[in-house]
Number of protein chains: 2
Amino acid sequence: MTALRDRLTIGELSARSGLAPSALRYYEELGLIHSERTAGGQRRYARAALRRVAFVRAAQQVGLSLEEARRAMGGLPQDRSPNAREWARVASTWQHRIDARIAELERLRRKLDGCIGCGCLSLRTCRLYNPDDAAADGGPGARYLLGDEPPEPAESAEPAEPAGG
Amino acid sequence: MTALRDRLTIGELSARSGLAPSALRYYEELGLIHSERTAGGQRRYARAALRRVAFVRAAQQVGLSLEEARRAMGGLPQDRSPNAREWARVASTWQHRIDARIAELERLRRKLDGCIGCGCLSLRTCRLYNPDDAAADGGPGARYLLGDEPPEPAESAEPAEPAGG
DNA sequence: TCTTGACCTCAAGCGCGCTTGAGGTTGCAG
DNA sequence: CTGCAACCTCAAGCGCGCTTGAGGTCAAGA
């Protein structure tokens, strides 16, 4: 097997990571992974590259761009296993990212839940469900289904009755 | 105020939704929202468009494409409030999406957690942390940090203790 | 040694989700 | 009626994350 040397060809890395060679070259161009070259100019990857690729994919799942992933991996060595400290630091950054993302989704979920369950299906009183006339607060970008809490109904153009749950 | 008619201009919808007019025109082109036109050809939106836009943005948060969002809103009327049944159906589709996404993230989180906490920081025994030598199973795309469970180390192509130094 | 598939570079292209710009029209306030 | 901001269409462009293709080289098995 060509695979038994301690360096991987791009084809091998591709097979193992599930990413196309073109994608790996692209990652390398962006500085996400690193390779050495044979005398003839072909890429050879250290095994650590496989972990880095996995990292990048996971990063994308959490919503990071490739550039952000690159920065996130700043503390990880290119061709060696990271030590505990390095790993812990990077991973903890992640936990926060992930937690934030989960919280965001749970907020969204609860809002949809509440909307169905709050008994306000008359569609006039539920500010979540029917926010049209209390909008334009909180500056551009306020969208209830996303992060923002509905504003107090103070200057709303429509009579709002608190949605009893 | 120009806003008090029951139809919104694109500028008003833009201000209230936080999206640029160009984005709204684009959404309309894709069939995500709908407008009527004045005699002169300018767009006028029903208030329901605001809800639809919020919906789209939320959909994007959950990871849907605009096309998927369009399909997801298939059950919602263009220019009036949806009824309970319509809403419930659409929203429940969402719950599943959101739940799946959350589960995915929690899986990822737990893996990172475990990696730090499992005591395997020798970096040789932890298959999550150091999966290089058990990879290439599960077909292309197997990446431990994502959804896949690490495979049993049985038929691995390599001796478990390479990587000298 | 020869063969052949895997590899190389460079440039262009694609799909998504918009934005920008040119060139022209509408509609409301004054 | 006039002025001017807001609107219109259409076409092109952008950033991201890759893929595709042309044209050529490398390296390992027979």
Side-chain angles (χ1 to χ4, degrees), chain A residues 1-5 7-45 49 52-53 55-73 140-141 143 146, chain B residues 1-5 7-45 49 52-53 55-73 140-141 143 146:
Chain A
M1 280 229 183
T2 63
L4 286 181
R5 261 159 280 97
R7 303 272 138 171
L8 303 171
T9 68
I10 197 171
E12 290 159 355
L13 184 56
S14 169
R16 292 188 158 216
S17 68
L19 277 171
S22 59
L24 295 172
R25 292 191 193 100
Y26 181 62
Y27 282 12
E28 190 169 333
E29 194 182 323
L30 297 188
L32 289 162
I33 55 179
H34 168 254
S35 67
E36 286 155 16
R37 299 300 182 108
T38 63
Q42 298 198 356
R43 289 173 178 82
R44 291 299 181 267
Y45 295 97
R52 287 180 74 92
V53 170
F55 214 98
V56 170
R57 302 301 279 188
Q60 289 183 307
Q61 285 283 309
V62 188
L64 298 183
S65 68
L66 293 182
E67 173 56 23
E68 289 171 311
R70 197 182 60 76
R71 286 198 298 263
M73 290 194 301
R143 291 174 296 272
L146 304 183
Chain B
M1 285 277 182
T2 63
L4 286 182
R5 262 160 280 98
R7 304 271 137 172
L8 303 172
T9 68
I10 197 171
E12 290 158 356
L13 184 57
S14 169
R16 291 188 158 215
S17 68
L19 278 172
S22 58
L24 295 173
R25 291 192 194 101
Y26 181 61
Y27 282 11
E28 191 170 333
E29 194 181 326
L30 298 188
L32 289 161
I33 55 180
H34 167 256
S35 68
E36 286 157 16
R37 300 299 183 109
T38 63
Q42 299 198 356
R43 290 173 177 82
R44 291 297 181 270
Y45 295 96
R52 288 180 75 91
V53 170
F55 214 99
V56 171
R57 302 303 279 187
Q60 289 184 307
Q61 285 283 309
V62 187
L64 298 184
S65 68
L66 292 182
E67 173 55 25
E68 290 172 311
R70 197 182 59 76
R71 286 198 298 263
M73 288 194 304
R143 291 175 294 271
L146 305 185

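Just so it is clear: chains get the letters A, B, ... in the order the sequence lines come, proteins before strands, and each one is counted from 1.
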[N] [atom2] sits how many Å from [X] [atom1], rounded?
{"X": "B/Glu29", "N": "D/dT9", "atom1": "CD", "atom2": "P", "result": "10 Å"}
{"X": "A/Arg43", "N": "D/dT25", "atom1": "CZ", "atom2": "C1'", "result": "13 Å"}
{"X": "A/Ile10", "N": "C/dC7", "atom1": "CD1", "atom2": "C1'", "result": "8 Å"}
{"X": "A/Arg37", "N": "D/dA27", "atom1": "CZ", "atom2": "P", "result": "12 Å"}

Is it true that B/Arg70 and B/Glu67 make a salt bridge, defined as a side-chain N closer than 4.0 Å to a carboxylate O?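 So B/Arg70 pairs with B/Glu67 through a salt bridge.
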
Distance check: side-chain N/O of A/Thr38 vs OP1/OP2 of D/dA27, anything under 4.0 Å?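 True: A/Thr38 side-chain N/O within range (under 4.0 Å) of D/dA27 OP1/OP2.
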
Can you find a side chain N or O atom of A/Thr9 that sits less than 4.0 Å from OP1 or OP2 on C/dA6?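 Indeed not, no polar side-chain atom of A/Thr9 lies that close.
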
Among side-chain atoms of B/Tyr45 and B/Glu12, is any donor-acceptor pair under 3.5 angstrom?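 Checked: B/Tyr45/B/Glu12 side chains show no N/O donor-acceptor pair below 3.5 Å.
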
Any donor-acceptor pair under 3.5 Å from A/Ser35 side chain to A/Arg44 backbone: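 Not confirmed, A/Ser35 side chain does not pair with A/Arg44 backbone.
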
Interatomic distance, A/Arg57 atom CZ to A/Leu66 atom CG [nearest 0.5 angstrom]: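 One gets 8.5 Å once the value is rounded to the nearest 0.5 Å.
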
Out of curiosity, B/Arg7 CZ to B/Arg37 CZ, how far, rounded to the nearest 0.5 Å?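 Rounded to the nearest 0.5 Å, the CZ-CZ separation comes to 13.5 Å.
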
Give the B/S/- string for nucleotides 16-23 of chain D, one per nucleotide from 5' to 3', where a protein heavy atom under 4.0 Å of the base yields B, of only the sugar-phosphate yields S, and otherwise -. -BBBB---

Using the rule given for side chain to side chain contact (heavy atoms under 4.5 Å, CB included), can you reason through A/Arg52 versus A/His34, listing the C-alpha separation, both sets of side-chain angles and the distance that settles it, and then say yes or no? CA-CA 10 Å; A/Arg52 287 180 74 92; A/His34 168 254; over 6 Å; no

Which nucleotide in C/dT26, C/dC28, C/dC7 has an atom nearest any side-chain atom of B/Arg44: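 Ranking C/dT26, C/dC28, C/dC7 by closest atom to the B/Arg44 side chain puts C/dC28 first.
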
